[in-house]
Amino acid sequence: RAWRCISRWTTERRAMRDDSGVPLTELAYALLEERIVRLELTPGETVTEQQLVHQVGIGRTPVREALQRLAREGLVRILPRKGILVSPIDPEAQLRLLEVRREVERLVARLAARNAAPEERARFADLAAAFRHAGDTGDDVRFMRTDRAFNDLCLDAARNEFATAALATLQPLARRFWFHHYRQAADLPRAARLHAAVAAAIAEADPDSAADALDRLLDDIARFTRAAGSTGVA
């Protein structure tokens, strides 16, 4: 829900927030995570908690709680009496992260294909179409938001809280790395098609096809990560 709310986040922020039904900490997290992933908060930059409160228009306590979660996920470092450091980007760490993602996400894809409810399968089909549209139009922000919704739905449909915990700290770092480097090293239409294939296989309740599509996707992500690292862009 928080990610759907972001698309409606305008100058009437408080009115939207009060009507959305989304807990303020969740909304603060979603807004801050997107700012970090989209590099509106620059890797290596130090900001204050008050600056972030002003940027998202939400109170200090929800922002502070959101920052604790972002710190657990490795996107920020909380420096006592100094501020909030937006974590630098490390290509070598991304390759190590991919080793874990491959094993856990393959399991999640299989579980989601097996366990998703009918309404979730319909949503996976919608997300496959959204990925294709983002690729066809070159819409990087739509792609990123669709990817976020897809990841969340996969974890919900898998019905495995341990897989959810394992991936929670990996996916935001992966999204930021992609957004930072994709113009130099990624093929957005191809990435969108590969994501769509995973979503479609889950929608069709085909665990083997979902796992195979996931492997093809992560092979492409690994190629992209190595290419991004070789550019020397940090």
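Remember, predicted model here, so these are calculated numbers, not experimental data.
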Are any non-hydrogen side-chain atoms of N160 and V108 less than 4.5 angstrom apart?
no
Quick one: which residue pairs count as a side chain to side chain donor-acceptor pair (under 3.5 Å) with a foot in residues 87-98, not counting sequence neighbours?
none
Residues 124-135 vs salt bridge (Lys or Arg N to Asp or Glu O under 4.0 Å), sequence neighbours excluded, gives none
Any ion pair linking E33 and R176 (charged N to carboxylate O, less than 4.0 Å)?
no
The test is side chain to side chain contact (heavy atoms under 4.5 Å, CB included); show your working for L170 and E105 and say whether it passes.
CA-CA 10 Å; L170 305 180; E105 289 193 15; over 6 Å; no
Do L31 and R35 make a side-chain contact, defined as non-hydrogen atoms from C-beta onward lying under 4.5 Å apart?
no
Between R101 and L218, which heavy-atom pair has the shortest distance, and what is it?
NH2-CD2, 3.8 Å
Does some side-chain heavy atom of F150 sit less than 4.5 Å from a side-chain heavy atom of I202?
yes
In short, salt bridge (Lys or Arg N to Asp or Glu O under 4.0 Å) pairs touching residues 207-216 with sequence neighbours left out are R102-D215, R106-D215, R110-D208
Looking at residues at least two apart in the chain, or sitting in another chain, which of them share a salt bridge (Lys or Arg N to Asp or Glu O under 4.0 Å) with D220?
R190, R223
In short, ring-ring contact (aromatic ring centres under 6.0 Å, His included) pairs touching residues 191-212 with sequence neighbours left out are F131-H195, F143-H195
Partners of R114 by salt bridge (Lys or Arg N to Asp or Glu O under 4.0 Å), sequence neighbours excluded?
none
Listing request: all salt bridge (Lys or Arg N to Asp or Glu O under 4.0 Å) pairs with a residue in residues 58-69, at least two apart in sequence or in separate chains.
E49-R60, E49-R64, R69-E73
Kindly give the heavy-atom pair with the smallest separation between P172 and Y29, and that separation in Å.
CG-OH, 3.8 Å
So Q171 and L155, do their side chains get closer than 4.5 Å, heavy atoms only?
yes
Under a 4.5 Å cut-off applied to non-hydrogen side-chain atoms, are T225 and I221 in contact?
yes
Just wondering, do V53 and I58 contact through their side chains at under 4.5 Å, heavy atoms?
no
For Q51, give me all partners under side chain to side chain donor-acceptor pair (under 3.5 Å), at least two apart in sequence or on another chain.
T48
Listed by chain and number, what are the salt bridge (Lys or Arg N to Asp or Glu O under 4.0 Å) partners of R38, not counting sequence neighbours?
E34, E40
For residues 165-174, which residue pairs qualify under salt bridge (Lys or Arg N to Asp or Glu O under 4.0 Å), counting only residues two or more places apart or in two chains?
none
Under a single-linkage rule joining Ile, Leu, Val, Met, Phe, Trp and Tyr whose side-chain heavy atoms are separated by less than 4.5 Å, which residues share a cluster with F162?
none
Applying side chain to side chain donor-acceptor pair (under 3.5 Å) to E120 and not counting sequence neighbours gives R159
Taking all non-hydrogen atoms of both residues, which atom of R123 and which atom of L153 are closest, and how far apart?
CG-CD2, 3.3 Å
